[in-house]
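See structure below.
The sequence lines fix the lettering, A, B, ..., with proteins before strands; numbering per chain opens at 1.
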2 protein chains.
Amino acid sequence: MEQMTQLFKALSEEMRLRILMLLMHGELCVCDLMAIFNEPQSKVSRHLAYLKNSGLIKGRRVGKWMHYALKEPMDGVFQAQLDLIKTQLTHNPLFEEDLKKMEEEKKKKDRCGEDSAITKEDKNHGKRTDK
Amino acid sequence: MEQMTQLFKALSEEMRLRILMLLMHGELCVCDLMAIFNEPQSKVSRHLAYLKNSGLIKGRRVGKWMHYALKEPMDGVFQAQLDLIKTQLTHNPLFEEDLKKMEEEKKKKDRCGEDSAITKEDKNHGKRTDK
DNA sequence: TTTTCATATTCGTTTATACGGATATGATAT
DNA sequence: ATATCATATCCGTATAAACGAATATGAAAA
């Protein structure tokens, strides 16, 4: 019950909704989100912390960057809510714009942890940092 | 967008969720809700006002009573959210208990505006509404 | 080790919510 | 008109959220 009200509190703030909508398409790091939203770092991090505390997302460290993704496995109730929200908000111009900016951001080579996955050996001389 | 965040704010409080779950089964007046929740009148009215301002419910005056019901027609996005919430919360003990108390409350004859519906003409033609 | 970079967290402040008790309002009853 | 009833709203207060700027932390680079 309290988990439920906490879920809705997490969903009741615009930036948090925007973050969740983006993470439905995959992992992102804080610097990506800062670039996409053009918002100060403390604000982005604060909302990420809120989402994490609410049980919606998880973070993992990749070198000096923090990558965030939807929590896996996601609570069934939460998942159903996210599915619904996705259908309801996907065609909203604000989110479409965010998505477009995200794609552009991902194209940029030499982003934070490079393309979010591969390419770790290059800089780490073959050593793996995790995963 | 703001309508969306406002919706989630409305859903992020326990009593407001309980009220909505009950109104899915039909109209109720403030005094019913006070009795079901055993909570002070100002608290119940405050949350009803919040739900009304959020566009989820409407009130109509019936004599000296105010009857509240889900807004009709309900915004499509809102309706989908309520449908989902209903499936997710129906089997929660708290809401089951509320529902049971609601039924008991409805059985009580000589409630506020009688059985929430008909009986408008009767009492407007000189019949007593309490006793 | 020292510096730098990405991010988290803290600080002081502002705004929003929530609460119970008290009072205002609007309709009916006397 | 006055009283009463059901409800809305206001009061003072308490807690939670939100913000940008500043600072702390932890990993990598120099």
Considering only side-chain heavy atoms of [X], which listed nucleotide, [options], is closest?
| X | options | value |
| --- | --- | --- |
| His47(A) | dC19(D), dT7(C), dA18(C) | dC19(D) |
| Ser45(A) | dA18(C), dT7(C), dT7(D) | dT7(C) |
| Lys64(B) | dC19(C), dG26(C), dC19(D) | dG26(C) |
| Ser42(B) | dA8(D), dG21(C), dA8(C) | dG21(C) |
| Cys31(A) | dT7(C), dT17(C), dT7(D) | dT7(C) |

Please give, in whole Å, the distance from [N] [atom2] to [X] [atom1]?
| X | N | atom1 | atom2 | result |
| --- | --- | --- | --- | --- |
| His67(A) | dT7(C) | NE2 | C1' | 12 Å |
| Lys43(B) | dT13(D) | NZ | P | 21 Å |
| Glu39(B) | dG21(C) | CD | P | 12 Å |
| Arg46(A) | dA17(D) | CZ | P | 12 Å |
| Arg61(A) | dA27(D) | CZ | C1' | 6 Å |
| Arg60(A) | dA27(D) | CZ | P | 15 Å |
| Lys52(A) | dA8(C) | NZ | C1' | 9 Å |
| Phe37(B) | dA18(C) | CZ | P | 15 Å |

Discussion item. According to side-chain contact (heavy atoms from CB on, under 4.5 Å), who are the partners of Glu97(B), at least two apart in sequence or on a separate chain?
Written reply: Lys100(B), Lys101(B)

Practice prompt. Before accepting this row, confirm whether a basic side-chain N of the pair Lys108(B)/Glu105(B) lies closer than 4.0 Å to the acidic partner's carboxylate O.
Written response: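 A salt bridge links Lys108(B) with Glu105(B).
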
Worksheet entry | Expected output: side-chain Ser45(A) to main-chain Ser42(A) donor-acceptor under 3.5 Å | no

Worksheet entry | Check: Asp32(B) side chain, Cys29(B) main-chain N or O, donor-acceptor pair, under 3.5 Å | yes

Item to complete: Tell me which of Val44(B) and Gln6(A) sits closer to the 5' end of DNA chain D, going by the nucleotide each one is nearest to.
Response: Val44(B)

Worksheet item: So which one's nearest nucleotide on DNA chain D is more toward 5', Met66(B) or Tyr50(A)?
Response: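 Counting from the 5' end, the first nearest nucleotide belongs to Met66(B).
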
Practice prompt. Return the residues of residues 8-20 of chain B meeting this criterion: a heavy atom under 4.0 Å from some atom of DNA chain D. Order them by number, or give none.
Written response: none

Enumerate donor-acceptor pairs with a distance under 3.5 Å from any side-chain N or O in residues 11-23 of chain A to protein atoms, sequence neighbours excluded.
unit_1	atom_1	unit_2	atom_2	d
Ser12(A)	OG	Lys9(A)	O	2.8
Glu13(A)	OE1	Met15(A)	N	2.8
Glu13(A)	OE1	Arg16(A)	N	3.1
Arg16(A)	NE	Ala10(A)	O	2.9
Arg16(A)	NH1	His47(A)	ND1	3.1
Arg16(A)	NH2	Lys9(A)	O	2.9
Arg18(A)	NE	Asp98(A)	OD2	2.7
Arg18(A)	NH2	Asp98(A)	OD1	2.9

Practice prompt. Give the intermediate values and the outcome of side chain to side chain donor-acceptor pair (under 3.5 Å) for residues Asp83(B) and Gln79(B).
Written response: CA-CA 6 Å; Asp83(B) 289 346; Gln79(B) 187 61 59; 3.0 Å; yes

Worksheet item: Are more than 12 heavy atoms from other residues, nucleotides or ligands located less than 6.0 Å from atom NZ of Lys52(A)?
Response: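 Open.
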
